[in-house]
Number of protein chains: 2
Amino acid sequence: MRNSAGTHAGDEPATVGTPPAPVERHGYVLLSPDDFNAGALLGLRTPPPNILIEGDCLEVLSFIESNSVDLIFADPPYNLQLKTKDLRRPNNTLVDGVDDQWDQFTSFEEYDRFTERWLKECRRILSPTGSIWVIGSYHNIFRVGRLLQDTGYWILNDIVYAKKNPMPHFRGVRFTNAHETLIWAKKSEGARKITFNYRALKELNGGKQMRSDWWDLPICGGAERLRDANGNKLHSTQKPEALLERVLLATSGPGDLVLDPFAGTGTTGVVAQRMGRRWIMIEREAAYRELIEGRIARVADNGACERQ
Amino acid sequence: MRNSAGTHAGDEPATVGTPPAPVERHGYVLLSPDDFNAGALLGLRTPPPNILIEGDCLEVLSFIESNSVDLIFADPPYNLQLKTKDLRRPNNTLVDGVDDQWDQFTSFEEYDRFTERWLKECRRILSPTGSIWVIGSYHNIFRVGRLLQDTGYWILNDIVYAKKNPMPHFRGVRFTNAHETLIWAKKSEGARKITFNYRALKELNGGKQMRSDWWDLPICGGAERLRDANGNKLHSTQKPEALLERVLLATSGPGDLVLDPFAGTGTTGVVAQRMGRRWIMIEREAAYRELIEGRIARVADNGACERQ
DNA sequence: AAGAGTTCTGAATCGCTGT
DNA sequence: GACAGCGATTCAGAACTCT
C-alpha cells in the first residue's frame, strides 16, 4: 500500500510534539499515516502547504480538525453493479466498464454504512459557512442524498452534469444515461452566509442567461484524459477540470481550503491549485497518488511560467 | 370528505355479493370507498371501464388485484413544507382543510413511512413486465429513490425534466432550481421484457436515441393550465400533458392499464384516454376529482368529435 | 499542408429462446 | 438453472490514416 516512490515523511517514525519535516514537493507536502499523530492536520485555518495524504478517507478524516475546511468535493464510489459481464457495441467491440475493486460493495446496506461514516466525518470538519458537493449517478445518488439529509446537512440544490458526449445505449432497452447528478449542501439548515459567487458564475457563461442547475459539459477526454503508453485510461472515472472549475468558482474564494476525500486523479487539487485555493486531497491507491503528483507538478510549473 | 356532487354509487350501502351498479360517466366509472368490498377492483386484466376512485391511495391500492397494472405514474407529495394556498372549485367556492392533508409531514421519518407503504402496494399490483415512474424534486426524490431500491424495484433510468423557466427574481444565494427528476424503475432486478417503445422515442428525438438528461417540454400553462375565474392556479403542481404523453408513449401500449395513485388534476388519465390506454386514478380531494371529471369529459367529447 | 475518411472509446446496474 | 445460438443494437469527439 505504500507509495512506491518511498519518499514519505512517515518513513521515519514520528516523534510526539516534534512533527517530522514535511516532504516538500511543488508547493505541497506528502503525508503518510504515521504523520497523523504529530498534529499535522491541526491548525488548518492558518495557511499551511497544500497536502496530499496517503490513506483511507475514513481514517484520515478523523484526524482533521473540526470546522477547518471551507469546501468539500466528494466523488465517492458509485456502487455500479454490472450484471452483464461483456457489454459489446453494435460493431462487436468490447466496452471497458467500471469494474474496479474500489467500486465493489456487497449490498446497499454496506454502501450506506460506508457513506454515512464519511459524510459524518466531512460534516464535522466542514466550516459553518462552507458547503459540500457530492457527485453520483442513479446507482448511488439517491442513497447519498437521503443520508445527507439524515446526517443533518441541508440540501441547497441538485445540479445536473449533462454529458455532451455520453456513451450511447447499445441494447435499446433504456434511455441513454447521459448525465450525472451533483448535490450541493450546507452543514445544517440554520447555517448562514454560505460562500456562493453567483456573479462570477454568471460571467463564466459569457454573461448569457444560463440554466444554472444544468451544466452541459464534455466528458473528460482528449489531452486532459490521463492514459498509459498504450492509450488505456489510467483511471475509470476521471472528472473533467471544467466541472471542478465551476464548483470552485461558485462556492469557494481565493485562499479557501478545499478538501477531496476521494482524490482519484486529483482533478480537484489541480483546479484548486490553478485557482489559488488551498487543498487537501486524500487517496488510498499509490498508483493514483503518483498520477496526482505528476499533474500537480505540471500545474505548478505552468503556473511559474505564467507568473513570469 | 364526500364529493359534493353526491352522485357516487357508494351513497347507497353496498350489498355483499351484489356490486352496486357503477356510475357511468363519459366512458369511466366513479368508485367510492363503499364499493371496494364488492370486488370492483378485481379482474382488471379484462378491459373494464376506466375508473376514478375516491379515497386515500393507501387504502384504495390495497383493494387492487396483484400484477394487474401495466404502468404506474406517481406524482407524490414533495414534502415541500409550503404554505398551501386556498383551493377553489370551478364555481369559485373555497375548499378548506387542504393544508392539513396535502403536503405536510412532520419529519423525514414520517415521509419515509408513507412513501414506503405506497411504493410497496404499487409494487404488488404492478405487472412483471410493467414499470413505474415517480417524479420529484431534491426535497423528496432522494428519499423516494432510496426506498424504490430498498423495496425491491430496480431503477432503469433517472430523467431530468425542465420544470419551468428560471425564476426572474433571483436572490443570489442558490442556483436557480429549474428541473425535476423522474425515476423509471421496473418491478424487480430479474424482471424481463419491460414495455419500452425504443423506436418511437428515437423517432421523437430526431432519429437519435432518447437521452436521460433533459426533457425540455412546454410549460404547463396557457389554456392547458387549470385556473379559477380569477386566473389563480387550481392545483400548484399540475403536470404538463406533454410529459405524460412521452411517458405513456415510451412505456405503455394501446389498451394497457395505467394507474395514477395521486391523480391531482388528472393529467395522467386525460393523456391515457386520448392515447387509448385504460386508466385508474385515485384522488382523495373532492375538489380535485371535480377538476378531473371536467377534463375527462372534455377529452371524451373531443374524442367523439374526432371519431365522427 | 489541408481535407476527407476511418477507427476508437466513454461511471453501463443494456436479450431472448430453446435445450 | 446453465448454456449455446440467434439477433438486434450506437453517438460524439478525438486521434489517426489516406489522398
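Convention: sequence-line order gives letters A, B, ...; per-chain numbering from 1. What you see is a predicted model, and the numbers here were worked out from it, not measured in a lab.
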Please classify dT13(C) as syn or anti, treating any glycosidic angle within 90° of 0 as syn. syn
Under 4.0 Å, counting only non-hydrogen atoms across every strand here, what does [X] touch: a base, just sugar-phosphate, or nothing?
X         : answer
Lys85(A)  : base
Gln149(B) : base
Asp86(A)  : nothing
Arg227(A) : sugar-phosphate

With pairs defined as Watson-Crick or G-U wobble and both distances under 3.5 angstrom, please note down DNA chain D as a dot-bracket string, | for pairing with another strand. .|||||....|||||||||
When the nearest nucleotide of DNA chain D is assigned to Gly221(A) and to Arg199(B) on a heavy-atom basis, which residue is associated with the more 5' position? Arg199(B)
Tell me which of Ala191(B) and Leu82(A) sits closer to the 5' end of DNA chain C, going by the nucleotide each one is nearest to. Leu82(A)
Electrostatic pair [X]:[Y] at N-O distance under 4.0 angstrom:
X         : Y         : value
Arg278(B) : Asp256(B) : no
Asp213(B) : Lys163(A) : no
Glu116(A) : Lys120(A) : yes
Arg274(A) : Glu241(A) : yes
Arg113(A) : Glu110(A) : no

Heavy atoms of chain B, cut-off under 4.0 Å: which first and last nucleotide of DNA chain D, 5' to 3', fall inside that, if you could look? dT9(D) to dA12(D)
Which pair of heavy atoms, one from [X] and one from [Y], lies closest together, and at what distance?
X         : Y         : result
Ser68(B)  : Leu44(B)  : OG-CD1, 3.8 Å
Trp118(A) : Leu61(A)  : O-CD1, 4.2 Å
Tyr198(B) : Gly172(A) : CB-O, 3.3 Å

Rounding to an integer number of angstrom, what distance separates [N] and [M] when you compare their [atom1] atoms?
N       : M       : atom1 : answer
dG10(C) : dC14(C) : C1'   : 15 Å
dC16(C) : dG1(D)  : C1'   : 16 Å
dT17(D) : dA1(C)  : C1'   : 15 Å
dC8(C)  : dT10(D) : C1'   : 13 Å
dG7(D)  : dA12(C) : P     : 29 Å
dA14(D) : dA11(C) : P     : 14 Å

What parts of residues 155-181 of chain A reach DNA chain D, counting only heavy atoms under 4.0 Å away? Lys164(A), Asn165(A), Pro166(A), Pro168(A), His169(A), Phe170(A), Arg171(A)
Within the pair Arg225(A) and dA11(C), is there a side-chain N or O less than 4.0 Å away from OP1 or OP2? yes
Taking only side-chain nitrogens and oxygens of Thr84(A), does any of them come within less than 4.0 Å of OP1 or OP2 of dC14(C)? yes
Kindly say whether the aromatic ring centers of His169(A) and Phe175(A) come within a distance under 6.0 Å. no
Is it the case that the side chain of [X] and the backbone of [Y] share a donor-acceptor pair, with hydrogens and angles ignored and the cut-off at 3.5 Å?
X         : Y         : answer
Asp56(A)  : Leu58(A)  : yes
Thr267(A) : Lys239(A) : yes
Asn197(B) : Ser252(B) : yes
Thr151(A) : Leu147(A) : yes

Interatomic distance, [X] [atom1] vs [N] [atom2] [rounded to whole Å]:
X         : N       : atom1 : atom2 : answer
Arg143(A) : dT13(C) : CZ    : P     : 17 Å
Ile183(B) : dT13(C) : CD1   : P     : 14 Å
Leu80(A)  : dG10(C) : CG    : P     : 14 Å
Asn140(A) : dA12(C) : CG    : P     : 13 Å
Phe262(A) : dA11(C) : CZ    : P     : 19 Å
Asp96(A)  : dA12(C) : CG    : P     : 9 Å
Asp99(A)  : dA12(C) : CG    : P     : 11 Å
Ile194(B) : dC14(C) : CD1   : P     : 12 Å

With sequence neighbours excluded, give me every side-chain hydrogen bond (donor to acceptor under 3.5 Å, both in side chains) pair touching residues 133-147 of chain A. Tyr111(A)-Asn140(A), Asp112(A)-Arg143(A), Trp133(A)-Thr251(A), Ser137(A)-His139(A), Tyr138(A)-Arg174(A), Arg143(A)-Gln149(B), Arg143(A)-Asp150(B), Arg146(A)-Asp150(A)
Qualifying residues under side chain to side chain donor-acceptor pair (under 3.5 Å), relative to Thr181(A), sequence neighbours excluded: none
Heavy atom of residues 231-240 of chain A under 4.0 Å from DNA chain C: which residues? Lys233(A), Ser236(A), Thr237(A), Lys239(A)
Side chains of Asn67(B) and Lys187(B) only: does a donor on one sit below 3.5 Å from an acceptor on the other? yes
